[in-house]
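Only one structure is covered here, and it is reproduced in the block below.
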Amino acid sequence: MTADTPVKPYDIGKVREDFPVLHQEINDHPLVYLDNGATAQKPRQVIEVLDKYYREYNSNIHRGVHSLSEKATGEYEAARNKIKNFINAGSLQEVILTSGTTASINLVAQTYGRANLKPGDEILITEMEHHSNIVPWQILCEQTGASLKVVPINDKGELIMEEYQALLSDRTRLVAVVHISNALGTINPVKEIIDLAHAKEIPVLLDGAQAVPHCPVDVVALDCDFYCFSAHKLFGPTGTGVLYGKQALLEAMPPWQGGGDMIRTVRFNETTYNDLPYKFEAGTPHIAGVIGTGAAIDYVTAIGMENIAHYEADLLAYGSEALSHIDGLTQVGTAKNKAGIMSFVMDGIHPHDIGTILDQHGVAIRTGHHCAMPVMERYSIPATARASLALYNTRDDIDALVEALQNARKVFA
Ligand code: C6P
């Protein structure tokens, strides 16, 4: 968001009405859903689109000449167009539909990575990556003889940029960095990271899983080479996601999985591949999921990503302040530039016990290592409790969280 972008408050009551799941009791308390980093709830606008697909035009895409198939293909490709506009990609060819962030990163590792890396080359990641942005590169290193380098973080959970610059070397072939950390909430200075890498002609992949639901993303303004995200954290269905890639890079990459839809001709002695984006989309995809993703994008676009970012920043400030008054609670991840993720530990209470007690109060959070074990190692802790915000959370939700945490303290006193 730029400083002069006008922010328009949205009607939080109306937004909450759109999410049926929020209106229920869990363990005799109104549900307070603060596990949005794991997956976000779905508005009725998305649920209705899924229902309509299965009731009215369930059919395979890109294959049939019958009316249902044409309708399904049209809606599927319309969703691709919405995704393109949402992230400001240059063309539809640059929008590859995958099963999620994990699949998108693995795709780049196994195509771009295997085609371009050799022994002695380096891939640069950071200490705050999700396992999805670590393990695919480790597998690639085993396959190619390349090695993984890791940019450290400071005590607040911010990247140490001097170390990043020092680690960018003549051997670095790719930089892969999380846009917003799922375990710490840190918003990384991705534009600076990209510009520094590009100065050495090194491409950059961003893991945007935790960014797209919370702030505007413009892949052209960022000038990133690859951008990966999942629909389910963006109020869309599970099992769908996106790989954005610059067209020239995607054109030069070999396909990943082989099968239907990704080919032009198949003969036993020679197979030719389809054009982008289909070259990377083998097999029948999650058709309803992609159409639902389009509906989710319509939903957040109507509210406005700048407005969502602004609303959540206010809620994060309120939440961080409230948590700071709880005795024995230490927040993990206190970066200056942070999104709506509050990780914490409490003296004398294991995070899993915090999670269980909170559930008894109807408060849903995530506890554990959050698929970011190196972050836990960095802070010498086994796990954290994590409350993660979305556009429908309120100050009342934070108050309920604080009350439940006070109760947990009493139980363990
Ligand atoms: N993080 C969390 O609770 P998938 O599973 O492919 O949709 O997303 C993987 C992923 C990649 N990068 C980041 C930064 C993520 O946060 C996630 C998913 C969830 O934090 C589940 S582990």
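Numbering of ligands and ligand atoms starts at 1, following listing order.
- Each of C228, S132, S230, P136 was compared with S104 under the side-chain contact (heavy atoms from CB on, under 4.5 Å) criterion, and only C228 meets it.
- Near ligand 1, residues G37, A38, T101, T102, H130, S132, V178, N182, D207, A209, Q210, S230, H232, K233, R366, C371, R386 each place a heavy atom inside the 4.0 Å sphere around the ligand atoms.
- A side-chain donor from one of T293 and T240 sits under 3.5 Å from a side-chain acceptor of the other.
- Looking at K14 and E17, no side-chain N of the basic residue comes within less than 4.0 Å of a carboxylate O on the acidic one, giving no salt bridge.
- Using a cutoff of 4.0 Å between basic side-chain nitrogens and carboxylate oxygens, D195 and K191 are scored as salt-bridged.
- Across T73 and N60, no two heavy atoms sit closer than the pair OG1-O, 4.4 Å.
- E158 and N154 share a side-chain donor-acceptor pair at under 3.5 Å.
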